[in-house]
Amino acid sequence: MANTHKEYVLEVFSDQNFVRDIVKGVLHTIFFHRYFPSIRPSLYTPTSAVSYSSSRSQESLPVPLPAIHEPVEISAAIDAHAAALVSQLTSSSSNAGANGSRGEIVVQLFDRKRRKTGITGGWLGRLGGTHQTEEEVCWEEWVVQVVVARPRTEADRIKVRRAMETSLQKAAMKIVAIVNRDKDHIPPILTSEQNPFPYKILVNPRQQQSLDRGFGGWT
């Protein structure tokens, strides 16, 4: 049976200075709604990696978002993968042109399922030996598409900032609307572990798949 899962696409717009924190903010919002154990919520406000004004040490966007700082593994994973995306966007910026660069970060949530396996034929099968194996099946996927602009003038910077705020607000509102609307596909929680659903965070997975297919021709 083919694996079917819900897939949601979010689009965010940023300049090169806010991209890391905007991506982190979106990921924190996703995990805030998809990490089911009890947590102590906190607020996260995206800030610029570079100050535009000497009168302020940092510039932030007026879009407060929920955040998860415990368990630290999730917060650390968000930080690491956001930084990896920024690194890839930075390395490709020389070929991006005037329209900026694009990247993608994906969050996948999995359910652990058990299957009985055994040998059904031959003399070994007649012994009746079976055992259970555990596999992880993806039940939900969030695709965060990131467009990074590079404004050259003050007027462009103002336009980009407004677009950043709008896209981030839309992404946050879309996440809230989805989690309130779509609930039937969430697997039952059958474990007492702190986090019942394993997760993966992938940076530009489609580019990697294309690269893997390219190298596959040599095998």
Side-chain angles (χ1 to χ4, degrees), residues 5-10 12 14 16-51 57-91 103-113 134-146 148 164 167-169 171-176 178-180 183 185-205 208:
H5 62 274
K6 291 283 189 178
E7 179 181 302
Y8 305 109
V9 179
L10 305 170
V12 292
S14 178
Q16 62 268 39
N17 297 320
F18 272 99
V19 59
R20 184 188 64 176
D21 270 21
I22 284 179
V23 170
K24 286 172 59 176
V26 174
L27 295 182
H28 270 288
T29 304
I30 293 171
F31 277 100
F32 177 82
H33 292 285
R34 281 297 182 247
Y35 185 74
F36 291 94
S38 298
I39 59 172
R40 180 180 297 176
S42 58
L43 289 179
Y44 181 84
T45 302
T47 57
S48 172
V50 176
S51 174
S57 59
Q58 283 186 319
E59 186 177 8
S60 61
L61 295 179
V63 186
L65 301 168
I68 293 181
H69 294 298
E70 293 183 358
V72 295
E73 306 89 64
I74 292 181
S75 181
I78 290 174
D79 289 348
H81 287 83
L85 178 63
V86 172
S87 177
Q88 291 191 21
L89 290 172
T90 301
S91 64
E104 192 173 84
I105 194 162
V106 176
V107 176
Q108 295 177 333
L109 301 171
F110 295 86
D111 183 29
R112 293 188 178 97
K113 293 185 178 294
E134 190 175 78
E135 64 175 355
E136 294 183 350
V137 178
C138 181
W139 59 272
E140 189 172 87
E141 180 174 271
W142 297 82
V143 180
V144 184
Q145 297 176 345
V146 185
V148 181
M164 285 192 295
S167 72
L168 185 56
Q169 289 172 344
M173 292 173 63
K174 185 174 182 179
I175 293 170
V176 173
I178 287 171
V179 299
N180 287 333
K183 300 179 181 180
H185 69 291
I186 301 175
I189 298 177
L190 303 176
T191 176
S192 59
E193 294 182 14
Q194 185 177 14
N195 180 23
F197 302 124
Y199 63 88
K200 290 181 181 178
I201 305 176
L202 309 172
V203 176
N204 288 323
Q208 184 60 46

Could you report the tightest heavy-atom contact between [X] and [Y], atom names first, then the distance?
| X | Y | answer |
| --- | --- | --- |
| A67 | F32 | O-CD1, 4.3 Å |
| A84 | V203 | CB-CG2, 4.2 Å |
| E59 | F18 | O-CZ, 3.4 Å |
| I189 | P196 | CG2-CB, 3.8 Å |

Please answer whether the main-chain N or O of [Y] pairs with a side-chain N or O of [X] as donor and acceptor at a distance below 3.5 Å.
| X | Y | result |
| --- | --- | --- |
| S167 | M164 | yes |
| N204 | E104 | yes |
| S87 | A83 | no |
| S14 | V19 | yes |

Would you please name every residue forming a salt bridge (charged side-chain N to carboxylate O under 4.0 Å, His left out) with [X], sequence neighbours left out?
| X | value |
| --- | --- |
| E73 | none |
| D21 | none |
| K174 | none |
| R20 | none |

Is any side-chain heavy atom of [X] less than 4.5 Å from a side-chain heavy atom of [Y]?
| X | Y | result |
| --- | --- | --- |
| W142 | V9 | no |
| S75 | I68 | no |
| F31 | I201 | yes |
| L85 | V146 | yes |
| V26 | I175 | yes |

List in chain and number order the residues that pass side chain to side chain donor-acceptor pair (under 3.5 Å) with Q145, two or more places apart in sequence or in another chain; answer none if no residue qualifies.
->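 Listed in chain order: nothing, the list is empty.
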
What's the separation between atom [atom1] in [X] and atom [atom2] in [Y], rounded to the nearest 0.5 Å?
| X | Y | atom1 | atom2 | result |
| --- | --- | --- | --- | --- |
| R112 | E135 | CZ | CD | 12.5 Å |
| N195 | Y35 | CG | OH | 5.0 Å |
| L61 | T47 | CG | OG1 | 8.5 Å |
| I30 | Y199 | CD1 | OH | 13.0 Å |
| E141 | F110 | CD | CZ | 8.0 Å |
| K24 | Y44 | NZ | OH | 4.0 Å |

Do I105 and L27 pass the side-chain contact (heavy atoms from CB on, under 4.5 Å) test, and can you show the C-alpha distance, the side-chain angles, and the key distance before you say yes or no?
-> CA-CA 9 Å; I105 194 162; L27 295 182; 3.8 Å; yes

Apply side-chain contact (heavy atoms from CB on, under 4.5 Å) to V12 and V144, showing your working.
-> CA-CA 7 Å; V12 292; V144 184; 4.1 Å; yes

Verdict with supporting geometry, E140 and R34, salt bridge (Lys or Arg N to Asp or Glu O under 4.0 Å) | CA-CA 10 Å; E140 189 172 87; R34 281 297 182 247; 2.7 Å; yes

Kindly state whether the ring of F197 and the ring of F36 have centres lying under 6.0 angstrom apart.
->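 When the ring centroids of F197 and F36 are compared, they turn out to be within the sub-6.0 Å range.
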
Between H69 and H28, ring centroids under 6.0 Å =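 Ring centres of H28 and H69 closer than 6.0 Å.
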
Qualifying residues under side-chain contact (heavy atoms from CB on, under 4.5 Å), relative to A172, sequence neighbours excluded |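 For A172, the residues satisfying side-chain contact (heavy atoms from CB on, under 4.5 Å) (neighbours in sequence not counted) are L65.
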
Evaluate the criterion side-chain contact (heavy atoms from CB on, under 4.5 Å) for residue pair E136 and D111; output intermediate values, then yes/no.
-> CA-CA 5 Å; E136 294 183 350; D111 183 29; over 6 Å; no

